Each structure stands twice: as C-alpha cells, then as structure tokens.
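Everything numeric here is computed off the predicted structure, so don't read it as measured data.
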Amino acid sequence: MKKDIPNMDDIFNTVSGQTLKYYRTQKGLSLEEVVKKMKGKISRQSLYKYENGKARLKTDTFFDICQALNLDSKILFKEINIKTNILSNKLVSSENNENFAEAMTEFLIGLSYNNFLRDNDLPHNDYTIFDEMEILFENVKNLFSEEEQKDIKKMIEDKRKERKQIIEDSNKENDKS
C-alpha cells in the first residue's frame with residue numbers, strides 16, 4: 001500500500017515550528033518567556049502547537065514570534081523555505097524511487113545560482129556558486145542521513161570538477177582561435 005505524502009502546507013508548518021523552537025531554545029527562552037515578550041498576542045498552548053506543527057502558523061503571528069525572538073524574519077523564512085523544499089523533494093524522490101542525492105544536488109545548484117545572482121552585482125563566478133551551494137548544504141545537512149550526506153557531497157564535488165573541466169576546455173578552444 002502506498003504511503004500518503006504530506007502536502008507542502010503540512011511540511012511547511014512542521015519545519016516552521018521546528019525552526020522557531022530551535023531558535024527559542026538556543027536563546028534559552030521558555031514558552032512562557034516568549035509569550036510574555038509578545039504581550040499575550042498568543043497563548044503558551046498556541047506557541048507549543050505552532051512549534052510542534054499541530055497548528056497553522058499565520059504570517060502575522062510568525063512575524064510577531066520572530067520579533068519576540070529577535071530574529072530577522074526574512075532570513076528565517078528563507079531558511080524554512082529551503083528546508084521545506086528539501087523535505088518535500090526527499091519525500092517525492094523516495095516515493096518515485098528516484099536518485100535523491102542527484103535530485104538534491106540539482107536543487108542546491110539551482111538555489112545557489114539564484115541566491116548568488118540575487119545577492120551579488122558582480123559578474124558570476126562558477127566556483128563561488130559551488131561555494132554557496134556547499135554553505136547551503138552545511139546549513140541543512142541535518143535533514144539527511146549520513147549516507148545521503150556523503151552522496152550529495154560527492155555529487156557537489158563531481159559537478160564542481162565537471163564545470164571546471166568545461167571552463168578549461170573552453171579556454172583552450174579560445175586560445176586556439
């Protein structure tokens with residue numbers, strides 16, 4: 001019997017809650033302390049439900065919690081989005097018996113390239129894009145098993161070598177002209 005794949009909203013709510021809980025505990029704050037900082041906009045029970053993916057987190061509540069935790073909501077939202085996409089790709093890949101490491105490497109390449117182009121006005125440098133990809137992977141590697149981590153790291157390195165060879169071959173071709 002086929003297992004149902006959770007929908008993106010469920011994955012997003014779970015990841016959002018886990019991420020907020022992670023930062024709250026890193027800051028050494030209790031649920032009560034966060035609620036107090038929010039001046040009672042939500043209850044302790046509601047915050048608990050958000051952190052455990054048991055309730056849908058509204059956008060304004062997300063921003064209020066970020067403010068109470070003194071977190072940059074844009075950066076946190078980006079982190080949550082990346083983790084949500086990775087988990088949904090992982091679920092779909094396993095359901096379709098696809099090579100998850102290959103799918104994730106391609107996803108990280110696309111994401112890194114988009115981040116690099118958006119965040120830099122400099123002409124792009126492929127080696128820097130691969131550095132960005134490795135940084136992104138380091139930030140989300142806890143979502144993968146050790147075997148998946150090894151496979152993805154190897155594929156990132158193989159892609160880097162492949163791209164380097166293409167550039168070298170292109171430069172040799174241009175030198176001949």
Could you give the distance from [atom1] ([X]) to [atom2] ([Y]), rounded to the nearest 0.5 Å?
X: Ser46; Y: Lys54; atom1: OG; atom2: NZ; value: 15.0 Å
X: Arg56; Y: Ser16; atom1: CZ; atom2: OG; value: 11.0 Å
X: Glu32; Y: Leu47; atom1: CD; atom2: CG; value: 9.0 Å
X: Lys39; Y: Lys37; atom1: NZ; atom2: NZ; value: 10.0 Å
X: Glu146; Y: Gln149; atom1: CD; atom2: CD; value: 6.5 Å

Run Lys41 and Val35 through side-chain contact (heavy atoms from CB on, under 4.5 Å) and show every step you take. CA-CA 7 Å; Lys41 289 183 180 178; Val35 169; over 6 Å; no
Looking at Tyr48, is its backbone amide N or carbonyl O close enough to the side chain of Glu51 to form a donor-acceptor pair, meaning the two atoms are under 3.5 Å apart?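 Here the side-chain-to-backbone pair does not exist.
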When you measure from the side chain of Arg24 to the backbone N and O of Leu29, does any donor-acceptor pair fall under 3.5 Å?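 It does hold such a pair.
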Take atom CD in Glu157; do more than 12 heavy atoms of anything else shown fall under 6.0 Å from it?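 Yes - once you tally the heavy atoms of other residues, nucleotides and ligands closer than 6.0 Å, there are more than 12.
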Residue Lys27 excluded, over 12 heavy atoms near NZ under 6.0 Å: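 Enclosed.
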Qualifying residue for side chain to side chain contact (heavy atoms under 4.5 Å, CB included) with Leu57, from Thr61, Asp60, Thr59: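 Exactly one option meets the side chain to side chain contact (heavy atoms under 4.5 Å, CB included) with Leu57, and it is Thr61.
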Which atom pairs, one a donor and one an acceptor, fall under 3.5 Å between side chains of residues 62-76 and the rest of the protein, sequence neighbours left out?
unit_1 : atom_1 : unit_2 : atom_2 : d
Asp72  : OD1    : Lys74  : N      : 2.9
Asp72  : OD1    : Ile75  : N      : 3.4

Looking at residues at least two apart in the chain, or sitting in another chain, which of them share a ring pair (Phe, Tyr, Trp, His ring centres under 6.0 Å) with Phe77?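 By the ring pair (Phe, Tyr, Trp, His ring centres under 6.0 Å) rule, Phe77 matches Phe12.
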